[in-house]
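Naming convention: chains lettered A, B, ... in sequence-line order (proteins, then strands); numbering from 1 in each chain. Not measured: the values here are computed from a predicted model.
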There are 2 protein chains.
Amino acid sequence: MWSTQDQALFENLRLELRRGSVILAVLAALRTEQYGYTLRKRLEEGGMPVDEGTLYPLLRRLESQGLLESQWREEDKRKKRFYRRTPAGTEIFARLMAEWQSIGEAVAHLHTVGESGHGGQ
Amino acid sequence: MWSTQDQALFENLRLELRRGSVILAVLAALRTEQYGYTLRKRLEEGGMPVDEGTLYPLLRRLESQGLLESQWREEDKRKKRFYRRTPAGTEIFARLMAEWQSIGEAVAHLHTVGESGHGGQ
DNA sequence: GTCACATACTATGTGAAACACAGTATGTAA
DNA sequence: TTACATACTGTGTTTCACATAGTATGTGAC
């Protein structure tokens with residue numbers, strides 16, 4: 001059985017693992033234009049739940065960094081802030097996906113090294 | 001062409017993406033017992049270069065957290081500190097790999113959502 | 001009308017850890 | 001001797017997801 005200490009350690013490491021990939025998930029989900037609330041729902045449905053306190057500041061930071069652009073619109077009697085990727089955002093996203101792939105391959109490779117007859121991964 | 005600003009932003013995001021996965025790579029590479037120097041070389045060859053200033057403190061932290069254990073030995077006229085995973089380390093590593101897998105699937109899924117006729121991922 | 005909930009968002013401090021830089025010690029080869 | 005590889009330690013900085021708290025308002029039930 002897992003001790004409370006090991007459980008806390010795992011949780012801590014799990015969050016550290018998630019860092020960085022939150023941005024990937026957000027940029028991925030913005031393949032189509034979204035406003036914050038539906039974006040958050042889509043992330044949750046896609047297996048990457050992100051708290052609103054994390055998501056909205058992140059959206060604003062990505063916009064200030066030029067990866068997203070936003071636009072206020074009134075829809076269904078509500079004021080909503082729609083986000084979309086900029087060309088630079090799409091480009092950087094593609095490069096980050098390649099990097100992510102590379103990291104995954106490296107970890108998978110290291111995971112098998114040392115086994116008898118290890119071949120290409 | 002990439003502006004210096006975009007290049008710096010990408011590099012920053014890339015490092016953020018790497019966070020967390022350094023631990024995975026280290027635990028993966030310690031499938032077999034290693035000392036610091038060869039571990040570092042293995043990581044580099046495996047596509048996951050880690051600076052020594054990052055690696056040694058990390059090894060010590062993982063040991064203090066009970067995921068690794070170490071042993072000084074004299075070999076080839078040199079004092080070397082050998083590391084190996086503990087049972088708890090192997091267990092937590094397995095859970096983190098599953099989590100990593102889950103994150104990867106979520107990102108891949110979000111990346112395809114919105115395409116015409118999107119099927120199971 | 002009031003209440004609860006969902007919808008839609010803003011503000012901000014904290015904690016953790018990889019990174020980066022600097023350093024020591026020593027064996028080997030030229 | 002010198003340069004380099006080998007093998008490791010020490011420590012401050014930077015970054016940002018997380019966590020918490022908050023505002024505003026439309027809708028439905030009672």
* To do: Could you check how far CG of A:Asp51 sits from P of D:dC18, rounded to whole Å?
  => 8 Å
* Asked: Nearest nucleotide by nearest heavy atom, which residue falls closer to the 5' end of DNA chain C, A:Thr54 or A:Thr38?
  -> A:Thr38
* **C:dC19 phosphate, OP1 or OP2, under 4.0 Å from B:Arg18 side-chain N/O** => yes
* Please check if the side chain of A:Ser21 supplies one atom and the backbone of A:Leu24 the other of a donor-acceptor pair under 3.5 Å. => no
* Asked: What is the nucleic acid contact for A:Ile23, judged by heavy atoms within less than 4.0 Å: base, sugar-phosphate only, or nothing?
  -> sugar-phosphate
* Asked: On a plain distance test, is the side chain of B:Arg81 in donor-acceptor contact with the base of D:dC8 below 3.5 Å?
  -> no
* Asked: B:Leu58 or A:Gly53: which one's nearest nucleotide on DNA chain C is closer to the 5' end?
  -> A:Gly53
* Asked: Does OP1 or OP2 of D:dC8 have a side-chain N or O of B:Tyr37 closer than 4.0 Å?
  -> no
* Structure fact -> note: B:Tyr56, atom OH; C:dA25, atom C1'; distance rounded to Å ~ 13 Å
* Atom CZ of A:Arg14 to atom C1' of D:dC18: distance rounded to whole Å? -> 12 Å
* To do: Report the distance from atom CD of A:Glu75 to atom C1' of C:dA8, rounded to the nearest whole Å.
  => 12 Å
* **d(CG, B:Asp76; C1', C:dT26) in whole Å** => 14 Å
* Going by atom types only, do A:Arg40 and A:Thr54 share a side-chain donor-acceptor pair under 3.5 Å? -> no
* Examine the base of D:dC16 for any acceptor or donor lying under 3.5 Å from a partner atom in the side chain of B:Glu16, and report the outcome as yes or no. => no
* To do: Check every atom of C:dC9, C:dA18, D:dG10 against the side chain of B:Arg61 and return the nucleotide holding the closest atom.
  => C:dA18
* Asked: Pick the nucleotide of DNA chain D nearest each of B:Pro57 and B:Lys41; which residue has the one closer to the 5' end?
  -> B:Lys41
* Asked: Over how many whole Å does the gap from B:Gln34 atom CD to D:dC8 atom C1' extend?
  -> 16 Å
* Counting N and O atoms only, with roles assigned by atom type, does the side chain of B:Arg14 sit under 3.5 Å from a partner on the main chain of A:Glu99, one being a donor and the other an acceptor? -> no
* To do: Could you please name the option among C:dC9, D:dA17, D:dC8 that lies closest to any side-chain atom of A:Val22?
  => D:dA17
* Has A:Arg78 got a side-chain N or O lying under 4.0 Å from the OP1 or OP2 atom of D:dT27? -> no
* Below 4.0 Å: OP1/OP2 of C:dT7 and any side-chain N or O of A:Lys77 -> no
* Asked: With the threshold set at 4.0 Å, does a side-chain nitrogen-carboxylate oxygen contact exist between A:Arg19 and B:Glu16?
  -> yes
* Hey, what's the ring geometry for A:Trp100 with B:Trp100, parallel, tilted or perpendicular (30° and 60° as the breaks)? -> tilted
* Separation of B:Lys79 atom NZ from D:dC8 atom P, in whole Å? -> 11 Å
* Asked: Is the phosphate of C:dA17, meaning OP1 or OP2, less than 4.0 Å from a side-chain N or O of A:Asn12?
  -> yes
* Asked: Are any side-chain N or O atoms of B:Arg84 and backbone N or O atoms of B:Leu30, one a donor and one an acceptor, separated by less than 3.5 Å?
  -> no
* **B:Lys80 NZ to D:dA5 C1', straight-line distance once rounded to whole Å** => 12 Å
* Asked: Is the shortest side-chain N/O distance from A:Arg40 to OP1 or OP2 of C:dC9 below 4.0 Å?
  -> no
